[in-house]
Amino acid sequence: MEIYNINLNIHYSAPQEVWHKLESLYREMPNWNNFVNSCPQWYGSDGKLIEVSIESSGLQFYAKLPSEEWNEWITLFKNRATKLLGYEVGEPEDGFEFHYYD
């Protein structure tokens, strides 16, 4: 298993409607485990884990998964979030810019 820490270009200042949409997406993603200590969590057993938190650096993911499984899961999340939010979601260090809300 590998450990991953990534940020996505979903800004912490997004309005509540964006967070409600993301909460729906969280629940639709494979291996949803509910909110644990107020953080969305997937897996949570067999040593596998994905957790997300809202940070000033963006939506931050911590994951402990085999690399192929992680790559499939995060690609699915990015694709679904892109459709849901109406802008391309990705990692800022890969050139994906933050969408700022008025």
So CG of L76 and CD of E28: to nearest 0.5 Å the spacing works out to 10.0 Å
d(M29 CE, S24 OG) to nearest 0.5 Å is 13.5 Å
*Is there a donor-acceptor pair under 3.5 Å between the side chain of W42 and the backbone N or O of Y26?*
yes
Item to complete: Kindly say whether E51 contributes a backbone atom to a donor-acceptor pair with the side chain of N33 at under 3.5 angstrom?
Response: no
More than 12 heavy atoms of other residues, nucleotides or ligands under 6.0 Å from [atom1] of [X]: yes or no?
| X | atom1 | answer |
| --- | --- | --- |
| N37 | CG | no |
| K64 | NZ | no |
| E97 | CD | no |
| N5 | CG | yes |

Could you report the tightest heavy-atom contact between [X] and [Y], atom names first, then the distance?
| X | Y | value |
| --- | --- | --- |
| N9 | E88 | ND2-O, 3.1 Å |
| L65 | Y4 | O-CE1, 3.7 Å |
| Q41 | W32 | O-CE3, 3.5 Å |

[Y] side chain reached by [X] side chain, heavy atoms, under 4.5 Å:
| X | Y | value |
| --- | --- | --- |
| L8 | E91 | yes |
| N7 | F96 | no |
| K48 | P66 | yes |
| E23 | F35 | yes |
| F61 | W73 | yes |
| I3 | W70 | no |

Under 4.5 Å between side-chain heavy atoms, counting indirect links through other Ile/Leu/Val/Met/Phe/Trp/Tyr residues: same cluster for [X] and [Y] or not?
| X | Y | answer |
| --- | --- | --- |
| Y62 | I50 | no |
| V18 | F98 | no |
| I6 | L49 | no |
| L25 | V36 | no |
| L85 | I74 | yes |

* Does the gap between the ring centers of Y100 and H11 come in under 6.0 Å? -> yes
Checklist entry - Is there a side-chain hydrogen bond (donor to acceptor under 3.5 Å, both in side chains) between E55 and S53 once you walk through the steps? => result CA-CA 6 Å; E55 306 294 336; S53 61; 2.8 Å; yes
Determine, step by step, whether W19 and I54 satisfy the side chain to side chain contact (heavy atoms under 4.5 Å, CB included) criterion, reporting the C-alpha distance in whole Å, the side-chain angles of both residues, the deciding distance to 0.1 Å, and the verdict. CA-CA 10 Å; W19 299 115; I54 303 164; 3.9 Å; yes
Look at the rings of H99 and Y87 and say which category their plane angle falls in: under 30° parallel, 30 to 60° tilted, over 60° perpendicular.
parallel
* Asked: Under 3.5 Å, is there a donor-acceptor pair between the E17 and Y101 side chains?
  -> no
